[in-house]
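Since the structure comes first, as structure tokens, the remarks are kept for the end.
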Amino acid sequence: MSDKITNILLVGVGGQGILLAAEILSETFMLAGFDVKKSEIHGMSQRGGSVVSHVRYGKEVFSPMVPEGEGDILFGFELMESYRYLSLLKPGGTVIVNDLCIAPPAVLLGQEPYPEGLALKIQELCPDCLLVDGQNIAIEAGNARAANTVLLGAVSKRLDVEEKYWLEAIEKMVPKKALAVNLKAFQLGRSLG
Amino acid sequence: MKEILSGNEAIARGAYEAGVKVACAYPGTPSTEILENTIRYQEIDSSWATNEKVALEVGIGASFVGARSLVTMKHVGVNVAADPLFTLSYTGVNGGLLLICADDPELHSSQNEQDSRNYAKFAKIPMLEPADSQECLEFTKLAYEISERHDTPVMLRTTTRISHSKSVVTLGERVAAIAEPKLARNAAKFVMLPGNARGRHYVVEDRITTLSKEGCSMSINRMELRDKKIGVITAGISYQHVREALPEASVLKLGMVFPLPFDLIREFASKVDKLYVVEELDAFIEDQVKAIGIPVTGKEIISLCGELTPGRVRKAFGLPENAQGTVEKLPGRPPNMCPGCPHRGVFYTLKQLNAYVSGDIGCYTLGFMPPLSAMDTCVCMGASIGMATGAAKVLPPEERKKVVAVIGDSTFLHTGINGLMDMVYNKGAATVIILDNRITAMTGRQENPGSGHTLMNEPTNAIDFPMLCQAIGVKNIRTINPLDLDECQRVIAEEMERPETSVIITDKPCVLIKKEGVFTPGKPLAVAEDSCIGCRACLKIGCPAIEWVPSSGKKGQAKIDPLLCNGCDVCRQLCKFSAIQEAK
């Protein structure tokens, strides 16, 4: 095993299921035999605030936080939050982002506009960017709520971890009744990655 | 067996493996999940106490009769529990006692960023500080050995990045052969009258000296000798950041941060060219190292404020930063009350009445945020009522009427009730609103004595707030539906006029309570496009389900997201044009 540490950042809005996605990633890497660390902030962020989760894996991981500017993959659940945290990514890093806008309070109140053209701006700054229509692909899989798993599938394709570990982690972490839809969503996402 | 556990989950597991019988806490970020995980183990009696002082006293009581006990709280909780803590240091223990104290550098979810290591030194209690989840488990077990071997309570300090980070942990088995609790009378040790306590003070001082020496050979205090040019003394999460930022540096990693192993520190200092301390918040280790005459660099390069990150450590040592240029300024995304939250209408009303709101700690502290902007003070748990008494004492009559204390059910039972007794007893004239949503919501919906259920999910007595206030002597007690804006306006205005103490209790539950039959959402609402004139009245409550759509209608219109709306009806009451109706 090389000494390389892979750094993944999951960013989005509290309530989007980011913590569960980060759990599935961590479980997968542990099953594949890596050292894993994951860090995030609970509490206030549950109330619709901005959320960042750090997941790092490799031979031996020290800090649970991705060093600034060393992210390999930014896994974005929402466009503006993805754009906000681009600085955490290394030059030439990968962005896999859900094509979704969630209005923050100032936009809801009509005080500020939601920034326009974010997908293009992200692509300009990070050429290795995959924009995923998570909601609609999840509907194709059988449930709009499986959008995160579609994204997870796309992310999985960029990482050097055998597919069986991803499936094992999803089976362990996702409730039984939602499993079939999520496995399908994962495969649909994987075919994009 | 290996699992990925958070620091909090690993502490709960460690407590189980250590044979803990009693775990007690008051919820507080980032410590809350410890007790939410001890309930997985039937062998542990886990409970939420009314506050941190009571939690510690429950732990002390169990320890004195021979049980290993675990008490957990956030850093500011230790302020509440400080009274028993300082004397517990004198009595020592019978069964091992471990106090977990979770600090919050960077104030992710707190009102200050006090450094609890000072409590260990102040109360003369040994303190361990783990650097990952595996150490959380192992140090928890070790703490009980130290506690019983040295007849002392032990503190274990985490920080948010330890409590809420996950890493791979190897699990062990629960210890067998721990003596069963039984009555043990030992007045000279457990009755802290001056005659007894005087002698115990010498015991405490000797204990700290002994532990400092013992710390030099403890495996949790270890030298990692690499490049000798730089030597860093560090502990906890800072150790991980140092390893990340300065992989070649020699490190003295401390697992016990009080008392310090001074001989080991001297030895390490003699082996490296230049000595540093890297620690978050106070110069706790640094000052003590300097006090024994060893030159060291610390707070000259590391901030006293906020948490450390690998990047901040790199910067402190003059290494280049990797961060790319940041993007332009974007709209912020602060937290907000949930759609349908029963607090929203109350804060809207208080703003309308131009009340001076003496606030408190909970979800309702978000009433400070625009557009509600209806909170004037927030200091600590339970402070709202005492502070309202103080302000009302000195303000002229017209301004005195504006003083309203706002406090949640759990916070009221935590330490607010003392303030209310004082207000009545001393004839204070202010209005107190108890926002009773049946749960300790901000920390993630923990039960409290008003909920009717225990942490172990057993049905229990639910405190009757009106009866409680009556027993204290409050003459004016009103219960209101906080989702009815007319009722809120009328009742709060009437009570603000009254020149004596009055209590208003709101009676709608938190929308996040999952237990069946407590919260039932209403039907989602929708804005009729042909009726909405774009007056923006409904935006004044700041509901996340209502969005302003500038392109809609003649000058913009409001839109309600049917997936987010809980049908609380508050926005409908604000619409003068009947444009808000049940969604079809």
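Proteins come first, then strands; the chains are lettered A, B, ... in the order of their sequence lines, and each starts at number 1. As the structure is a prediction and not an experimental result, all values here were calculated from the model.
Residue contact with chain B, scored on non-hydrogen atoms closer than 4.5 Å, is absent for Gln111(A). Residue contact with chain B, scored on non-hydrogen atoms closer than 4.5 Å, involves the backbone and the side chain of Pro67(A) alike. Of the atoms belonging to Cys363(B), it is side-chain heavy atoms, and not backbone ones, that fall under 4.5 Å from chain A. Interface residue Ile102(A): backbone and side-chain heavy atoms are both found under 4.5 Å from chain B. Of the two parts of Leu308(B), only the backbone, made up of N, CA, C and O, holds a non-hydrogen atom closer than 4.5 Å to a non-hydrogen atom of chain A. With a 4.5 angstrom heavy-atom cutoff, Ile162(B) does not touch chain A via any of its atoms.
Note that NE2 of His54(A) is 5.0 Å distant from CZ of Arg161(B), once rounded to the nearest 0.5 Å. Rounding to the nearest 0.5 Å gives a distance of 11.0 Å between CG of Leu109(A) and CH2 of Trp548(B). Within the model, atoms CG of Leu5(B) and OG of Ser26(A) stand 11.5 Å from one another, a figure rounded to the nearest 0.5 Å. Taken to the nearest 0.5 Å, the OG atom of Ser165(B) stands 7.5 Å off from the CD1 atom of Ile41(A). Taking CD1 of Ile4(B) as the start and CG of Leu31(A) as the end, the distance is 7.5 Å to the nearest 0.5 Å. Considering CG of Leu330(B) and OG of Ser50(A), their distance stands at 10.0 Å, rounded to 0.5 Å.
Counting heavy atoms from C-beta on, the side chains of Pro115(A) and Pro331(B) come closer than 4.5 Å. Contact of the Met65(A) side chain with the Glu307(B) side chain is registered, since non-hydrogen atoms from C-beta on lie closer than 4.5 Å. Side-chain atoms of Ser167(B) and Val61(A), non-hydrogen and from C-beta on, never get closer than 4.5 Å to each other.
Under a 4.0 Å N-O distance rule, the pair Glu78(A)/Arg333(B) qualifies as a salt bridge. Between Glu244(B) and Arg56(A) there is a salt bridge, with a side-chain nitrogen of the basic residue lying less than 4.0 Å from a carboxylate oxygen of the acidic one.
Heavy atoms of other residues, nucleotides or ligands lying less than 6.0 angstrom from NZ of Lys4(A) number more than 12. No more than 12 heavy atoms of other residues, nucleotides or ligands lie within 6.0 Å of CZ in Phe368(B), so this atom counts as exposed by the packing criterion. In the displayed structure, Arg536(B) atom CZ is contacted under 6.0 Å by more than 12 heavy atoms of other residues, nucleotides or ligands. Within 6.0 Å of NZ on Lys315(B) lie no more than 12 heavy atoms contributed by other residues, nucleotides or ligands.
For the pair Arg243(B) and Phe62(A), the tightest heavy-atom approach, listed with the atom from each and the gap, is NH2-CZ, 3.2 Å.
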Full working for side-chain contact (heavy atoms from CB on, under 4.5 Å) between Val168(B) and Asp35(A): CA-CA 7 Å; Val168(B) 182; Asp35(A) 188 22; 4.2 Å; yes
Intermediate values then yes/no, salt bridge (charged side-chain N to carboxylate O under 4.0 Å, His left out), Glu68(A) and Arg312(B): CA-CA 9 Å; Glu68(A) 296 86 336; Arg312(B) 287 177 187 171; 5.3 Å; no
Test side-chain hydrogen bond (donor to acceptor under 3.5 Å, both in side chains) applied to Glu328(B) and Tyr83(A), step by step: CA-CA 9 Å; Glu328(B) 75 259 24; Tyr83(A) 189 54; 2.7 Å; yes
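Of all the listed residues (Ser39(A), Pro104(A), Ser63(A)), the one sharing the greatest number of non-hydrogen pairs under 4.5 Å with chain B is Ser63(A). Taking chain A as the reference chain and counting heavy-atom pairs below 4.5 Å, the highest number among Pro371(B), Pro30(B), Pro550(B) is found for Pro371(B). Here Met30(A) is the residue among Glu70(A), Met30(A), Lys121(A) with the most heavy-atom pairs under 4.5 Å with chain B. Of the listed residues (Ala106(A), Gly71(A), Gly110(A)), the one with the most heavy-atom contacts under 4.5 Å to chain B is Gly110(A).
Judged as a salt bridge (charged side-chain N to carboxylate O under 4.0 Å, His left out), and not counting sequence neighbours, Lys164(A) has no contacts.
Only one option out of Glu40(A), Glu27(A), Glu23(A) pairs with Lys166(B) in a salt bridge (Lys or Arg N to Asp or Glu O under 4.0 Å); it is Glu23(A).
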